[in-house]
Amino acid sequence: MPNPESDDYKFLRIVDATTSINQKVNLIGVVTEAGIPKQSKGTDCCCTIRIVDESNPSSGISVNVFAETFDKLPNVESTGDIIQLSHVVMKLHGSEVNAVFNKRFSAFALYEGSDFSNFVPYQVSSKFHAREQDNKFIADLRKWTITHLPETESNGFFQLNSIKQGIRSNLICKVLHICEVTQGEWMLFVWNGTDAPPLDIHSKLEEELKNPLCLQLEEPPLSRDVLCSFPTVGTVLRLTADRCNARLALQLLKVGRWVQFRNIQFEAREGLWCGILMHSSKFSYLSDDNKVVLEFQREYKKRFKGKWTRMPLSSFPWPPNLTKTEHEHVPLVTLMDIITYPKVLYKYRCVVRVVATLPGEATNFRGPSGIYRLRLTLEDATARIHACLYDKDAEKFFGGYPDDDKMIKLHKVLLGIDENNGKARNPPWIDCCLKSYYVDKSDMWGSRRYGIFDTKFIGLSD
DNA sequence: TTGGGG
């Protein structure tokens, strides 16, 4: 029986714990963030979580937890939840003090942060023993949390529009999907309703046949079923952990939850945005009624208010007048709308960029018989697709059969090729009509293709 | 033991 008078009963305030180096202490605190669970260099799994209390409400201390398996690590449901830690050892690391959870003698229990009537922990470690007296501390901490838990940092740039290459930043997003891309390496698909900005394209057009610009970063591509579960507006950002090590337990993240990531590196891969989880990246789950989460959802809903609101945010207010379609009354859709449209055969209008052509040389757009046959790689903020531009549709697009000089010029404008800017191109947004169709009646979805039609290029002044 | 960081 624990004796209420003994030291074993006491919880130390975090400030007091930081002066108890190398001592075993009991702590109770509010979880503000967690590191991604990892395999340790030894035989264990580990994760670091940060906790605060009334005595240290801003920085708090980090707790390093070790366990034999991932599911024995504390799996914090939401930022603001309460963790009770027994027999953790305070360790000095540089000038910082951490608490170390040792699986041989430490114990933890996790409680919901906001349900004031619930004193049953939702996760406990094997050595945890519940005590009647703990409830008072949990209740007090909950009361304190209402007024003192730091707000979600809304001043950081969480909008995808402001991400920059090579810069680390924070991101608030919803986890849509997680999949294993190569053995032990997981990819996260996240979204917050905003568009990532368009990137320069560096692929070599003359190598488009042998080494085509990819349509997505994951291999194999996601199934149609998974794609159909994604929102069709706003960028679905791919996040990987390949920079730190492939053993990160990314698959433990909860699909469907809003998360705040800290210290994510953003990079361009194949002209597509990729978020990279670093060793020092942290995350915390946000509740669905979190202020910032609700703000993202409000902003997202606004994107559907008008007829043209599915246009990429970065082409605002209107794409440059390079093309003209014969269906200007038709509302715009995104490429994800097209990919996930429930019918194989349909017609659409969208605003896209031409990021590659096959053939890569404008002088080869027509086959030996003189008929146009091109494949364009199109992208918007939501996806990339291949679209054909054949025969009569191409004749309409190019305004007949321009000579080589004119076609080369046209190609450069269409792909945003700037001779002065080395190999990179920055394709402009164009307005175009697309149709979806099939080439094999026995496998209509499997052989679904896209083609440009009823669109005319008018971007050359002469 | 491990980790905490780049």
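In what follows, chains carry the letters A, B, and so on, assigned in the order in which the sequence lines appear, proteins first and then strands, with residues in each chain numbered from 1. Everything numeric in this text was worked out from a predicted model, so none of it was measured.
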Side-chain donor-acceptor pair under 3.5 Å between A:Arg50 and A:Thr32, yes or no?
-> no
Indicate whether OP1 or OP2 belonging to B:dG6 is found under 4.0 Å from a side-chain N or O atom of A:Ser280.
-> yes
With distance as the sole criterion, do the side chain of A:Lys103 and the base of B:dT2 form a donor-acceptor contact below 3.5 Å?
-> no
5'-most by nearest nucleotide on DNA chain B - A:Thr43 or A:His93 | A:Thr43
Residue A:Asn263, side-chain heavy atoms: nucleotide from B:dG4, B:dT2, B:dG6 that is nearest | B:dG6
Does OP1 or OP2 of B:dG6 have a side-chain N or O of A:Arg168 closer than 4.0 Å?
-> yes
Just compare B:dG4, B:dG6, B:dT2 and give me whichever is closest to any side-chain atom of A:Ser40.
-> B:dT2
How would you label the contact of A:Thr48 with the nucleic acid (heavy atoms, under 4.0 Å): base, sugar-phosphate, or nothing?
-> sugar-phosphate
Round to the nearest Å and state the distance from A:Asn64 atom CG to B:dG5 atom C1'.
-> 12 Å
Closest to side chain of A:Cys46, choosing from B:dT2, B:dG4, B:dG3 = B:dG3
Counting only heavy atoms not in A:Lys254, do more than 12 fall under 6.0 Å of its NZ?
-> yes
A:Phe101 has an atom CZ; how far is it from atom C1' of B:dG3, in whole Å?
-> 14 Å
Determine whether more than 12 heavy atoms belonging to other residues, nucleotides or ligands lie under 6.0 Å from atom CD of A:Glu77.
-> yes
Measure from CD1 on A:Ile21 to C1' on B:dG4 and round the result to the nearest Å.
-> 14 Å
Point-to-point distance, once rounded to the nearest 0.5 Å, from OG1 of A:Thr182 to CD of A:Glu219 | 11.5 Å
Nearest-angstrom distance from the residue atom CD1 of A:Ile61 to C1' of B:dG3 | 14 Å
Round to the nearest Å and state the distance from A:Glu68 atom CD to B:dT1 atom P.
-> 14 Å
Any Lys/Arg nitrogen of A:Asp431 or A:Arg349 sitting under 4.0 Å from an Asp/Glu carboxylate oxygen of the other?
-> yes
Would A:Phe66 count as stacked on B:dT1 if the rule is ring centres under 5.5 Å and plane angle under 30°?
-> no
For A:Val65, report the nucleic acid contact type (base, sugar-phosphate, nothing); a contact means any heavy atom under 4.0 Å.
-> nothing
note: A:Leu277, atom CG; B:dG5, atom C1'; distance rounded to Å ~ 16 Å
Starting at atom CG of A:Leu92, determine the distance to atom P of B:dG4, rounded to an integer number of angstrom.
-> 16 Å
Should A:Lys91 be listed as having a side-chain N or O under 4.0 Å from OP1 or OP2 of B:dT1?
-> no
CE of A:Met278 versus P of B:dG6: gap in Å, rounded?
-> 7 Å
